[in-house]
Amino acid sequence: MRSAKDFFAPLAVGAPPPVREIPFTPSRMIHFFDPSNEKMVAKAPDIAKKVDVLLGNLEDAVRADNKEAARAGLVRVGKESEFGATQLWTRVNSLDSPWVLDDLTTLVTEIGDKLDVIMVPKVEGAQDIHYVDRLLAQLEARAGLSRPILVHAILETASGMANVEEIAGASPRMQGISLGPADLAASRRMKTTRVGGGHPGYLVRTDPVGEDLSEGRTTYQQDLWHYTVARMVDACVMHGILPYYGPFGDIQDTVACEDQFRNAFLLGCVGAWSLHPVQIEIARKVFSPAPEDVRWAKRVIAEMGDGTGAVMIDGKMQDDASVKQCRVVAELADQLAARDPELAKEYGNE
Ligand code: GLV
Ligand code: MG
């Protein structure tokens with residue numbers, strides 16, 4: 001057993017001390033790009049201005065014969081660009097792949113000072129995070145880094161789901177968890193054949209109204225991801241880290257993408273992945289609270305004074321618990337406004 005006192009000691013001599021709190025840095029959209037694609041590399045500095053997080057993807061969607069080019073492309077992007085307040089993340093290959101050791105070694109050594117977060121796919125349990133944790137400490141010590149690189153797990157195996165609480169708490173480096181609906185569906189043997197979102201076959205139907213079983217019965221499509229996202233949010237909040245919805249693969253269906261992102265936002269997620277520029281604006285809209293909700297939240301906070309007791313506002317009862325919810329919205333609005341001047345205007349924060 002590891003002593004609680006040792007939890008915040010570096011895991012290698014000369015490695016930076018672990019963080020004690022995960023900073024809330026806006027990360028409404030984690031924008032994926034393929035660093036083996038020259039065109040995307042050339043566009044990276046411009047895209048970086050429009051997103052909270054730019055992520056160089058080395059894993060799935062990068063062909064096996066492009067893995068090394070992708071790694072080298074990301075090193076170039078990291079060395080040649082300044083991203084200002086935009087974070088630079090990567091998704092490395094899975095821990096059982098032939099590429100991950102070189103991914104981690106090269107990236108930490110070459111651009112470790114630029115990388116904020118490393119996303120680890122197909123995490124099965126705390127043992128995967130412990131492996132990455134120690135290796136990163138060794139590499140950080142060798143590279144002489146002064147701040148630790150954080151780790152983000154993708155929840156995309158049935159085993160990872162069953163162990164999600166221990167994954168969230170496996171290391172002080174744990175920054176957050178994203179749902180990976182495509183791999184998770186495969187691992188669970190779901191029959192969905194798509195990347196995220198709902199499925200028309202997953203529904204409930206009203207009772208029969210007469211003899212004819214097919215007459216007059218309304219069906220309602222259900223949310224395939226409700227249990228998964230809700231449990232992931234609880235695991236993350238319990239350990240002081242951030243939950244995210246992952247990819248929505250139907251790029252053309254901007255309406256369903258917005259719905260999926262909003263469900264995640266309402267359940268507690270702070271962001272989602274954008275796989276195409278069209279999804280950047282959707283994530284920005286959805287994961288920034290609506291100005292009218294921010295106005296309402298600030299009004300409740302103001303009228304509740306010291307936050308105790310109860311008041312009626314427009315016929316609605318407010319008490320300690322509703323003012324706490326309003327603080328969540330108002331604090332998020334302030335944090336986002338500090339990064340986003342347009343939002344600051346909309347929220348009246350200037
Ligand atoms: C993402 O990686 C997913 O599998 O959905
Ligand atoms: Mg995946």
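Just so you know, these numbers use all the heavy atoms, side chains as well, and skip hydrogens, waters and symmetry mates. For ligands, and for the atoms within them, numbers begin at 1 and follow the listed sequence.
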- Under 3.5 Å between some N or O of ligand 1 and some N or O of Pro247?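 Such a contact does not occur with ligand 1.
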
- Message: Evaluate Glu59 for polar contact with ligand 1, using N/O atom pairs at a separation under 3.5 Å.
- Response: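 Between Glu59 and ligand 1 (N or O atoms, distance only) the closest approach is not under 3.5 Å.
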
Proximal atoms of ligand 1 relative to [X] (non-hydrogen, under 4.0 Å):
{"X": "Gly180", "result": "1 (C), 3 (C), 4 (O), 5 (O)"}
{"X": "Asp183", "result": "3 (C), 4 (O), 5 (O)"}
{"X": "Trp273", "result": "1 (C), 2 (O)"}

- Query: Is a side-chain donor or acceptor of Asp293 paired with a backbone partner of Pro289 at a separation under 3.5 angstrom?
  - Reply: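 Checking the backbone N and O of Pro289 against the side chain of Asp293, no donor-acceptor pair under 3.5 Å is found.
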
- For the pair His152 (side chain) and Ser178 (backbone), establish whether a donor and an acceptor sit closer than 3.5 Å, ignoring hydrogens and angles.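 Side chain of His152 to backbone of Ser178, a donor-acceptor pair under 3.5 Å: yes, one is there.
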
- Item | Arg2, CZ: over 12 other non-hydrogen atoms inside 6.0 angstrom |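 More than 12 heavy atoms, drawn from other residues, nucleotides or ligands, come within 6.0 Å of this atom.
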
- Query: For Tyr202, does the OH atom have more than 12 heavy-atom neighbours from other residues, nucleotides or ligands under 6.0 Å away?
  - Reply: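 Not more than 12 within 6.0 Å, no.
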
- Message: Give me the residue, atom name and distance of the protein heavy atom closest to atom 1 (C) of ligand 1.
- Response: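 It is Glu156 OE1, 3.4 Å.
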
- Query: Which residue holds the protein heavy atom closest to atom 5 (O) of ligand 1, what is that atom called, and what is the gap in Å?
  - Reply: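 Among all protein heavy atoms, the one nearest atom 5 (O) of ligand 1 is Ala182 N, 2.8 Å.
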
- Query: Does even one non-hydrogen atom of Gly246 get within less than 4.0 Å of ligand 1?
  - Reply: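 Contact check Gly246 vs ligand 1: negative.
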
- Query: Has Asp183 got an N, O or S atom lying less than 2.8 Å from the Mg ion (ligand 2)?
  - Reply: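 Coordinating: yes.
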
- Task: With heavy atoms under 4.0 Å as the rule, classify the contact between Arg91 and ligand 1 as side chain, backbone, both or neither.
- Result: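 Looking at Arg91 and ligand 1, just side chain atoms fall under 4.0 Å.
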
- Message: Heavy-atom distances under 4.0 Å decide this one: backbone, side chain, both or neither, for Phe32 against ligand 1?
- Response: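 It is neither; nothing of Phe32 touches ligand 1.
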
- Query: When you check the gap from the basic side-chain N to the acidic O, do Asp183 and Lys122 get nearer than 4.0 Å?
  - Reply: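 Here Asp183 pairs with Lys122 in a salt bridge, since their nearest N and O are under 4.0 Å apart.
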
- Message: I'd like the atom name of the N/O/S atom in Glu156 lying closest to the Mg ion (ligand 2).
- Response: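 Answer by atom name: OE1.
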
- Over 60° means perpendicular and under 30° means parallel, so classify the ring planes of Phe265 and Phe287, tilted if in between.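 Geometry flag for Phe265 against Phe287: perpendicular rings.
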
- Item | Option from Asp102, Val75, Ile149, Ile118 for which side chain to side chain contact (heavy atoms under 4.5 Å, CB included) with Leu107 holds |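 The single option meeting the side chain to side chain contact (heavy atoms under 4.5 Å, CB included) with Leu107 is Val75.
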
- Message: Test side-chain hydrogen bond (donor to acceptor under 3.5 Å, both in side chains) on Arg284 and Ser274; report intermediate values, then the result.
- Response: CA-CA 10 Å; Arg284 182 182 176 279; Ser274 53; over 6 Å; no

